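Structure record follows, encoded as structure tokens.
Note that this is a predicted model, so its numbers are computed, not measured.
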Amino acid sequence: MIATLIKGPAAKKALLTSAAVIAVAVAAGCAPKDASVKIGHVGPLTGSIAHLGKDNEAGAKMAIAELNKAEIKIDGKKVVFSLISEDDGADPKQGTAAAQKLVDAKVAGVIGHLNSGTTIPASKIYSDAGIPQISPSATNPKYTQQGFKTAFRVVANDATLGGVLGKYAVNELKAKSIAVIDDRTAYGQGVADEFVKGVEAAGGKVVDRQFTTDKATDFMSILTAIRAKKPDVVFYGGMDAVGGPMLRQMDQLKINAKFMGGDGICTGELIKLADKALGNNRVFCAEAGGVVGPYEQKMADFRERFKKEMGAEVNLYSPYVYDAVMVMVEAMKKANSTDPKKYLPELAKIQYEGVTGPIAFDEKGDIKGGTLTLFTYKDGKRESLKVIQ
């Protein structure tokens with residue numbers, strides 16, 4: 001239209017000016033005002049331990065909501081975070097499939113998985129893709145011993161947890177004979193092996209070692225074999241969904257031994273699953289984490305916020321998931337980039353004050369100075385005995 005009304009050089013100049021104005025307008029309209037960043041989360045959202053997976057997922061959702069409310073800017077752009085949550089069903093094959101889905105979705109980082117058995121095989125997929133992964137709960141030492149620069153965890157590993165429990169059984173519970181059962185998963189067998197090492201280091205004796213699966217419901221045969229050995233303590237390496245029914249069947253067989261386990265059984269859900277078999281001061285377990293000093297109030301405040309915002313009590317590791325998300329984003333802020341290649345070096349040297357305590361990683365990706373908390377159950381409630389650093 002302009003060219004038909006204006007002749008000669010003036011027409012050419014008008015066309016160029018008009019094109020420039022249009023180009024600027026189009027660019028302004030199309031340029032993203034916000035940067036969208038996807039963070040992945042993986043855990044068992046279905047199956048017998050879905051209550052733990054959903055607890056973890058809730059911790060991630062809470063962190064994402066708070067980050068978006070804070071209107072964080074990275075590289076000059078306001079960042080909008082979104083959570084891409086996948087269900088691994090606590091199954092290694094499903095876990096690797098979930099990991100590949102997150103890689104294909106081009107997530108900037110992954111929080112998970114919950115179980116060691118899914119975390120370990122998935123970690124290679126994330127490593128090959130160069131995507132940082134922080135597990136809030138996988139405790140098998142092998143996870144960070146593979147040499148992957150992308151693998152981190154914010155809780156102590158089984159070498160610490162199992163060893164402390166083994167020594168506690170001998171030195172504090174004065175157990176003379178100890179039976180051990182595990183579910184043959186990477187987590188269950190790993191924590192049981194470390195428990196045995198702790199028992200033997202303290203001069204104790206393991207009189208029987210039995211195995212089950214993480215899907216089993218009938219333990220009568222292995223418990224009958226154990227009963228013949230008259231153990232003072234029965235240790236179970238596995239999760240609460242199996243540990244609770246196992247404890248009830250111990251009662252049916254009149255096995256009056258103390259019952260011990262790692263963080264997998266150390267949950268609020270065990271109270272329902274074990275019912276009357278829980279007893280008072282009968283069950284002893286350890287959670288891979290724990291707070292002391294000023295962090296006790298920070299954790300109490302978090303639990304209150306979590307209940308208000310998520311409509312549920314903290315079950316086990318949601319505070320560690322929350323911190324894992326916050327640590328990952330803090331590394332992005334320090335690198336001024338959400339590109340995994342650019343913020344990964346910052347993640348490796350992070351120094352962060354979380355609700356679960358100070359977070360920094362060693363050269364393998366394990367948390368420095370990891371703590372654990374010993375618990376027992378009394379009057380239908382879980383009670384903290386002590387925090388060990």
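For Gln146 (side chain) and Tyr143 (main-chain N/O), a donor-acceptor pair under 3.5 Å exists by modelled atom type. Looking only at distances, a side-chain donor or acceptor of Gln133 sits under 3.5 Å from a matching main-chain atom of Gly112. At distances below 3.5 Å, not a single donor-acceptor pair connects side-chain atoms of Lys101 with backbone N or O atoms of Glu86. Checked by atom type and distance alone, the side chain of Arg382 pairs as donor or acceptor with a backbone atom of Cys266 at under 3.5 Å. Side-chain atoms of Asp183 do not come within 3.5 Å of backbone N or O of Gly238 as any donor-acceptor pair. Side-chain N or O atoms of Asp208 include none that pairs as donor or acceptor with a backbone N or O of Ala179 at under 3.5 Å. A donor-acceptor pair is defined here as one N or O able to donate and one able to accept, closer than 3.5 Å; such a pair exists between the side chain of Asp232 and the backbone of Lys176. A distance-only check finds a donor-acceptor pair linking the side chain of Asp87 to the backbone of Gly89 [under 3.5 Å]. Panel note: side chain Asn280, backbone Asp379; a donor-acceptor pair is recorded below 3.5 Å. With hydrogens and angles ignored, the 3.5 Å screen pairs a side-chain donor or acceptor of Asp91 with a backbone N or O of Lys93.
Arg282 and Asp251 are joined by a salt bridge, as a carboxylate oxygen and a charged side-chain nitrogen come within less than 4.0 angstrom of each other. Taking the charged nitrogens against the carboxylate oxygens, Glu200 and Lys197 have no contact shorter than 4.0 Å, which rules out a salt bridge. Taking the charged nitrogens against the carboxylate oxygens, Glu66 and Arg305 do have a contact shorter than 4.0 Å, which makes a salt bridge. Here Asp182 pairs with Arg184 in a salt bridge; the nearest charged N to carboxylate O distance falls below 4.0 Å.
Annotation: the span from Ile222 atom CD1 to Arg227 atom CZ amounts to 13.5 Å, rounded to 0.5 Å. In this structure, CE in Met326 is found 8.0 Å from CD1 in Ile64, a value given to the nearest 0.5 Å. Distance check: Lys38 NZ to Leu83 CG gives 12.0 Å after rounding to the nearest 0.5 Å. With rounding to the nearest 0.5 angstrom, the CD atom of Glu309 is 14.0 Å from the NZ atom of Lys307. With rounding to the nearest 0.5 angstrom, the OH atom of Tyr236 is 15.5 Å from the CE atom of Met260.
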Please walk me through it: do Glu57 and Lys54 pass salt bridge (charged side-chain N to carboxylate O under 4.0 Å, His left out)? CA-CA 5 Å; Glu57 184 185 48; Lys54 290 176 180 177; over 6 Å; no

Residue pair Arg209, Asp193: steps toward the salt bridge (charged side-chain N to carboxylate O under 4.0 Å, His left out) verdict: CA-CA 10 Å; Arg209 182 85 187 252; Asp193 287 346; 2.8 Å; yes

Would you sort out whether Arg153 and Asp366 count as a salt bridge (charged side-chain N to carboxylate O under 4.0 Å, His left out), showing the intermediate values? CA-CA 5 Å; Arg153 72 171 125 221; Asp366 281 313; 2.6 Å; yes

Given side chain to side chain contact (heavy atoms under 4.5 Å, CB included), test Gln189 with Asn140 step by step and report yes or no. CA-CA 9 Å; Gln189 184 176 351; Asn140 190 303; over 6 Å; no

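Each disulfide (SG to SG under 2.5 Å) pair with one or both residues in residues 307-389, not counting sequence neighbours, would appear here, but there are none.
The aromatic rings of Phe235 and Phe195 lie parallel to each other, their planes meeting at an angle below 30°, with 60° marking the opposite boundary.
Under the 4.5 angstrom side-chain criterion for Ile, Leu, Val, Met, Phe, Trp and Tyr, the cluster partners of Val107 are Val42, Ile84, Leu102, Val103, Val110, Ile125, Tyr126, Ile131.
Taking each heavy atom of Ala175 and Val233 in turn, the nearest pair found is CB-CG2, 3.7 Å.
Residues Tyr187 and Asp214 bring no donor and acceptor atom of their side chains to less than 3.5 Å of each other.
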